[in-house]
S.K.: 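Sharing a structure below in structure tokens format, with a few things to ask.
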Amino acid sequence: MTIREQPILIAGGGIGGLAAALGLAQKGFRSILLEKAAALGEIGAGIQLGPNAFHAFDYLGVGEAARNMAVYIDQLRLMDALTAEEITHVDLGEVFRTRFGNPYAVVHRGDLHGVFLKACRESDRINLRVSSEVIGYDQDGASVTARLAGGERVTGSLLIGADGLWSNVRRQVTADGPPRVSGHTTYRSVIPTEQMPEDLRWNAATLWAGPKCHIVHYPLSGWKVFNLVVTYHNDAPEPVAGKPVSEAEVMQGFGHVHERAQNIIRHGTNWRLWVLCDRDPTERWVDGRVALLGDAAHPMLQYFAQGACQAMEDAVCLSHMLGAHDDQTAALEGYRAQRFPRTARVQLMSRAIGEHIYHPAGEHARLRNAIMGAKSSEEWYRDLAWLYGGTGLS
Ligand SMILES: Cc1cc2nc3c(=O)[nH]c(=O)nc-3n(C[C@H](O)[C@H](O)[C@H](O)COP(=O)(O)OP(=O)(O)OC[C@H]3O[C@@H](n4cnc5c(N)ncnc54)[C@H](O)[C@@H]3O)c2cc1C
């Protein structure tokens, strides 16, 4: 078997892993995707998609299906959570879409994952395996073997570690310890649209920014539901994922914000808690025949709403590089060199906007309001062009 005919192994069947499998299939590569969970799926609720995500959908061959799932919002709206007044908004209408060649949208995670999963299942180049946790790998100059938790060994030409924030593959490639706990606690809820306060049923991704806290909401799934994401910077010390919590616990961080903002939280149900983590950027994504992708490579806080978008861009770049170069290890290096500066910028700026836009207090918040409130649409588009104008190929 030639090296091009050997399957490529992918650890992780989240949005990043599935997108990588699809991109590789487009270039003629077979892959074996190894997912730890017993079933492929996504928990959680909404996800925002910048225009760069739509470039990736088209490249990966799922443009139409993904577009059919999305709600196309009119604005990114920033509210002051203390006064309940609008600070600014970014218009996402025709001028925005023409400028970036694509829209901005919101979509249910499960729906988006389902689009990728269906396309993967329809491809005879992709072998999806569940209950297959990758715990490590061995490699020589010609192949790499993934070691699975059950003792099985699976060999391929390359291994792509798309196994998320707590990546086992990263532990071996980068060896930089556990992720950084941000101390920011996020609570998520999805409510039927009729439960959302009527005067706030905006066709916008709305951010209410307050001292050490914020609230985000937007419509999802053909306006059937609203996604609520509420975050409190309470210096939580330990990582937590998806723990059910009471409304009273969610409200603890919001006693100081405007009644109108508090009221949004009162409409939430079935709240779940996450303590957010990220990492400092590092260039160590590649070890010979092994490369990282998505959150395994560059986990970031969600404040730019770009983690999944960047994972999809990674998939585009990786498949482009492997399609264009016969030397696969050189292709992995090329992928890393192209993706590192951009994803590192998003990681660092996500932290910065958390501090300077989402959570400031007092003078710092007044300064934010003055600077952001004075910006024209054209200035917003210019500032966001580096991000939304990206395709994963440039
Ligand atoms: C509150 C919140 C809001 C967000 N909002 C947005 C947004 O609006 N827009 C956006 O673009 N991004 C957003 N993100 C980020 C986005 O969710 C992630 O960046 C994205 O899901 C990462 O995808 P991934 O495939 O790299 O990793 P994951 O989604 O974590 O997938 C990893 C997969 O690997 C599997 N796995 C784990 N370990 C192993 C192993 N050892 N072997 C095999 N399989 C394994 C897991 O079961 C999982 O299926 C948000 C994140 C949070 C926390």
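The chain is numbered in sequence order, starting from 1. Order of appearance sets the numbers: ligands from 1, and atoms from 1 within every ligand. Computed from heavy atoms alone, side chains included, the values below leave out hydrogens, waters and symmetry copies.
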S.K.: Look at the aromatic rings of Tyr381 and Phe100 and report parallel, tilted or perpendicular, splitting at 30° and 60°.
M.R.: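 Perpendicular: the ring planes of Tyr381 and Phe100 meet at over 60°.
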S.K.: What residue and atom, counting heavy atoms only, is the protein's closest point to atom 16 (C) of ligand 1, and at what distance?
M.R.: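 Looking at atom 16 (C) of ligand 1, the protein heavy atom closest to it is Ala308 N, 3.7 Å.
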S.K.: Salt bridge check: are Asp176 and Arg170 linked by an N-O gap of less than 4.0 Å?
M.R.: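 Judged by the 4.0 Å cut-off on N to carboxylate O distance, Asp176 and Arg170 do form a salt bridge.
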S.K.: For Val229, is at least one N or O under 3.5 Å away from an N or O on ligand 1?
M.R.: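 N/O-N/O distance below 3.5 Å does not exist for this pair.
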S.K.: Students should be able to answer this: which protein heavy-atom is nearest to atom 45 (C) of ligand 1, and at what distance?
M.R.: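 Sorting protein heavy atoms by distance from atom 45 (C) of ligand 1 puts Lys36 CB, 3.5 Å first.
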S.K.: Please determine whether the number of non-hydrogen atoms from other residues, nucleotides or ligands lying under 6.0 Å from atom NZ of Lys224 exceeds 12.
M.R.: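 No, because the 6.0 Å sphere around NZ of Lys224 holds 12 heavy atoms or fewer from other groups.
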S.K.: Which of these, Gly14, Cys309, Gly164, has its nearest heavy atom closest to atom 27 (O) of ligand 1?
M.R.: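 Answer by nearest heavy atom: Gly164.
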S.K.: Consider every N or O of Asn168 and every N or O of ligand 1, then say whether any pair is closer than 3.5 Å.
M.R.: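 Yes; the residue has a nitrogen or oxygen that sits under 3.5 Å from a nitrogen or oxygen of the ligand.
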S.K.: Within ligand 1, which atoms have a heavy atom of Ile15 less than 4.0 Å away?
M.R.: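 It comes down to these atoms of ligand 1: 25 (O).
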S.K.: For ligand 1, is any non-hydrogen atom under 4.0 Å from Ser167's backbone (N, CA, C, O), its side chain (CB onward), both, or neither?
M.R.: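 No part of Ser167 comes within reach of ligand 1.
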S.K.: Under 3.5 Å between any N/O of Ala305 and any N/O of ligand 1: does that happen in this structure?
M.R.: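 Checking ligand 1 against Ala305, an N or O pair does fall under 3.5 Å apart.
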S.K.: Hey, are Arg99 and Glu378 close enough for a salt bridge, meaning a charged N less than 4.0 Å from a carboxylate O?
M.R.: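 Looking at Arg99 and Glu378, the cut-off is met.
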S.K.: Determine whether any heavy atom of Met300 lies closer than 4.0 Å to an atom of ligand 1.
M.R.: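 The answer is no: ligand 1 sits nowhere under 4.0 Å from a heavy atom of Met300.
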S.K.: So for Gln310, does at least one of its heavy atoms come nearer than 4.0 angstrom to any atom of ligand 1?
M.R.: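 No heavy atom of Gln310 comes that close to ligand 1.
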S.K.: How many angstroms lie between CG in Leu322 and SG in Cys317, if you round to the nearest 0.5 Å?
M.R.: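 Result: 9.5 Å between the selected atoms.
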S.K.: Taking 4.0 Å as the limit for heavy-atom contacts, which would you say applies to Ser132 with ligand 1: side chain only, backbone only, both, or neither?
M.R.: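 Within the 4.0 Å criterion, Ser132 contacts ligand 1 through backbone atoms alone.
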S.K.: Under 4.0 Å from any heavy atom of Glu42, which atoms of ligand 1 are there?
M.R.: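 Those qualifying, in numeric order: 29 (O).
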S.K.: Is the closest N or O pair between Arg188 and ligand 1 shorter than 3.5 Å?
M.R.: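 By distance alone, the answer is no.
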S.K.: How far is atom 34 (O) of ligand 1 from its nearest protein heavy atom, and which residue and atom name does that atom have?
M.R.: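 In this structure, atom 34 (O) of ligand 1 has Gly12 CA, 3.2 Å as its nearest protein heavy atom.
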S.K.: For ligand 1, which atoms, with element, lie under 4.0 Å from some heavy atom of Gly294?
M.R.: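 Result: 26 (O).
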S.K.: Whether the Gln172 and Asp287 side chains hold a donor-acceptor pair (N or O, under 3.5 Å, no angle test) is what I'd like checked.
M.R.: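 Result is no, nothing qualifies.
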S.K.: How far is atom 19 (O) of ligand 1 from its nearest protein heavy atom, and which residue and atom name does that atom have?
M.R.: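 Going atom by atom, the protein heavy atom closest to atom 19 (O) of ligand 1 ends up being Asp295 OD1, 2.8 Å.
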S.K.: Between Gly46 and ligand 1, is there a nitrogen or oxygen pair with a distance under 3.5 Å?
M.R.: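 In fact, backbone or side chain, Gly46 has no N or O that close.
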S.K.: Checking the side chain of Thr145 only, and the main-chain atoms of Arg153 only, is there a donor and an acceptor separated by less than 3.5 Å?
M.R.: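 Pair absent, no side-chain N/O of Thr145 close to backbone of Arg153.
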S.K.: So which heavy atom in the protein is nearest atom 49 (O) of ligand 1, and how far is it from that ligand atom?
M.R.: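 Ranking protein heavy atoms by distance from atom 49 (O) of ligand 1, first comes Glu35 OE1, 2.7 Å.
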S.K.: Would you sort out whether His184 and Tyr358 count as a ring pair (Phe, Tyr, Trp, His ring centres under 6.0 Å), showing the intermediate values?
M.R.: CA-CA 11 Å; His184 298 203; Tyr358 282 67; 9.2 Å; no
S.K.: Of Leu33, Val134, Asp163, which has the heavy atom at the shortest distance from atom 36 (N) of ligand 1?
M.R.: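 Looking at heavy atoms only, Asp163 sits closest to atom 36 (N) of ligand 1.
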S.K.: Give me the nearest non-hydrogen protein atom to atom 8 (O) of ligand 1 as residue plus atom name, then the distance to 0.1 Å.
M.R.: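 Answer for atom 8 (O) of ligand 1: Gln48 N, 2.7 Å.
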S.K.: Heavy atoms only, cut-off 4.0 Å: how does Gln302 contact ligand 1, side chain, backbone, both, or neither?
M.R.: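 Just the side chain.
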S.K.: Between Asp111 and Ser221, what is the shortest heavy-atom contact and its length?
M.R.: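 Where Asp111 meets Ser221 most closely, the heavy atoms are OD2-OG, 3.9 Å.
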S.K.: Select one of side chain, backbone, both or neither to describe which atoms of Leu34 lie under 4.0 Å from any atom of ligand 1, heavy atoms only.
M.R.: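 Under 4.0 Å from ligand 1, Leu34 contributes backbone atoms alone.
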S.K.: Do any nitrogen or oxygen atoms of Tyr218 lie less than 3.5 angstrom from nitrogen or oxygen atoms of ligand 1?
M.R.: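 No, no N or O pair falls under 3.5 Å.
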S.K.: What is the nearest protein non-hydrogen atom to atom 53 (C) of ligand 1, stated with its residue, atom name and distance?
M.R.: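 Answer for atom 53 (C) of ligand 1: Leu276 CD2, 4.0 Å.
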S.K.: Taking 4.0 angstrom as the limit, do Glu64 and Arg67 come out as a salt bridge?
M.R.: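 No.
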S.K.: Distance alone, cut at 3.5 Å: any donor-acceptor contact between the side chains of His217 and Trp202?
M.R.: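 No, because no side-chain N or O of His217 sits under 3.5 Å from a partner of the opposite role on Trp202.
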S.K.: With atoms numbered from 1 as shown, which atoms in ligand 1 lie under 4.0 angstrom from a non-hydrogen atom of Ala162?
M.R.: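 Heavy-atom distances to Ala162 below 4.0 Å select 32 (C), 33 (C), 34 (O).
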S.K.: Which class fits the ring pair Tyr104 and Tyr388: parallel under 30°, tilted 30 to 60°, perpendicular over 60°?
M.R.: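 Ring orientation, 0 to 90° scale: perpendicular.
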S.K.: When the aromatic ring centroids of His214 and Tyr303 are compared, is their separation below 6.0 Å?
M.R.: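 Yes; Tyr303 has its ring centre under 6.0 Å from that of His214.
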S.K.: Pairing donors with acceptors under 3.5 angstrom, does anything connect the side chains of Gln347 and Asp278?
M.R.: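 No, Asp278 and Gln347 have no side-chain donor paired with an acceptor closer than 3.5 Å.
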S.K.: Can you check whether Ala311 has an N/O within less than 3.5 Å of an N/O in ligand 1?
M.R.: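 No - when backbone and side-chain N and O of Ala311 are compared with those of ligand 1, no distance drops under 3.5 Å.
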S.K.: For ligand 1, is there an atom lying under 4.0 Å from some heavy atom of Ala53?
M.R.: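 Judged by the 4.0 Å heavy-atom criterion, Ala53 does not count as contacting ligand 1.
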S.K.: How does Ile47 reach ligand 1, by side chain, by backbone, by both or by neither, if only non-hydrogen atoms under 4.0 Å count?
M.R.: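 Contact part for Ile47 vs ligand 1: both backbone and side chain.
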S.K.: Answer whether the closest heavy-atom distance between the side chains of Leu228 and Ile215 falls below 4.5 Å.
M.R.: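 Not touching, per the 4.5 Å side-chain cut-off.
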S.K.: Nearest to atom 25 (O) of ligand 1, what protein heavy atom do you find, and at what distance?
M.R.: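 That would be Gly16 N, 2.8 Å.
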S.K.: What class does the angle between the rings of Tyr232 and Phe254 fall in, given that below 30° is parallel, 30 to 60° is tilted and above 60° is perpendicular?
M.R.: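 Tyr232 and Phe254: tilted rings.
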S.K.: Between the candidates Glu133, Gln306, Arg109, which shows the shortest non-hydrogen contact distance to atom 50 (C) of ligand 1?
M.R.: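 Looking at heavy atoms only, Arg109 sits closest to atom 50 (C) of ligand 1.
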S.K.: Do Glu355 and Arg351 meet the salt-bridge criterion of a basic N to acidic O distance under 4.0 Å?
M.R.: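 Not counted as a salt bridge, because no side-chain N and carboxylate O are separated by less than 4.0 Å.
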